[in-house]
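Notes follow once the structure below has been shown.
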Amino acid sequence: MTAKPSSYFPAPRRARFCSQCGSPISRRVPDGDNRERDICDHCGAIHYQNPRVVVGTVPVWEGRILLCRRAIEPRYDTWTLPAGFMELGETTAQGAARETLEESGARIQLGDLFTVIDVPQVDQVHIYYLAQALGPELDPGPESLDARYYDESDIPWDDLSFRTVATTLRHFVEDRRRGVFGAHRYSLESH
């Protein structure tokens with residue numbers, strides 16, 4: 001039996017063999033393009049790499065914000081908004097609702113688009129929607145150690161999993177204090 005790897009999150013992006021014909025691939029700029037791509041020298045398939053999309057929500061029940069404690073790497077045992085990678089064949093809204101249910105068990109009514117965050121150093125775009133929980137019941141799935149609603153004053157700011165989560169929560173708190181929620185689009189570069 002082959003030993004199970006401790007973690008590949010996410011799986012390596014660079015392939016060595018063509019997924020169409022199995023031949024080795026090389027990296028070069030294809031004719032008519034302006035970027036290096038993985039190209040099969042045998043069948044000519046161009047293997048484009050595009051950013052991964054993370055979708056999630058900022059769920060609220062009676063003024064309290066839902067956070068989940070991660071049961072997976074990266075950032076095991078830290079708090080996050082319910083979110084994860086969008087799946088093929090679903091919209092960003094469907095993915096955000098699915099991830100919320102999977103990670104917390106919360107039933108929600110999805111609201112407006114809230115944050116769109118470019119994270120170019122890890123080839124990702126994070127999208128969060130506002131959401132209203134339809135009840136206080138939570139049933140965290142296997143990717144969460146815990147899920148709970150937090151009063152604004154109790155948010156574990158020093159134990160949040162990602163900068164996208166922290167900045168989204170800061171925008172939420174600021175918008176709620178102003179009484180107006182708007183969409184926020186920004187980039188988080190390496191620091």
Verify, without hydrogens or angle tests, whether [X] (side chain) and [Y] (backbone) share a donor-acceptor contact under 3.5 angstrom.
X: Glu103; Y: Ala83; value: yes
X: Arg70; Y: Pro74; value: yes
X: Gln121; Y: Leu188; value: yes
X: Asp175; Y: Gly182; value: yes
X: Thr80; Y: Pro82; value: no

Going by an N to O cut-off under 4.0 Å, is there a salt bridge joining Asp123 and Arg52? no
Ion pair check, Glu102 and Arg98, cut-off under 4.0 Å: yes
Are Asp33 and Tyr48 close enough, and set up right, to give a side-chain contact (heavy atoms from CB on, under 4.5 Å), and what steps lead you there? CA-CA 11 Å; Asp33 204 337; Tyr48 293 96; 4.1 Å; yes
Among side-chain atoms of Tyr76 and Ser161, is any donor-acceptor pair under 3.5 angstrom? no
Is it the case that the side chains of Asp159 and Thr78 hold a donor-acceptor pair, with the cut-off being a distance below 3.5 Å and no angle test? no
How would you list all residue pairs meeting ring-ring contact (aromatic ring centres under 6.0 Å, His included) that involve residues 21-47, not counting sequence neighbours? none
Write down the atom of Ala97, the atom of Ile108, and the distance for their closest heavy-atom approach. CA-CD1, 4.1 Å
Give the C-alpha distance, both sets of side-chain angles, the deciding distance and a yes or no for salt bridge (charged side-chain N to carboxylate O under 4.0 Å, His left out) between Glu189 and Arg163. CA-CA 10 Å; Glu189 305 291 335; Arg163 286 191 303 152; over 6 Å; no
I want to know whether Tyr128 and His184 have ring centres closer than 6.0 Å. no
Ring pair (Phe, Tyr, Trp, His ring centres under 6.0 Å) involving Phe181 - partner list, sequence neighbours excluded: Phe172
Any link between Val58 and Tyr150 through a network of hydrophobic side chains (Ile, Leu, Val, Met, Phe, Trp, Tyr) touching at under 4.5 Å? yes
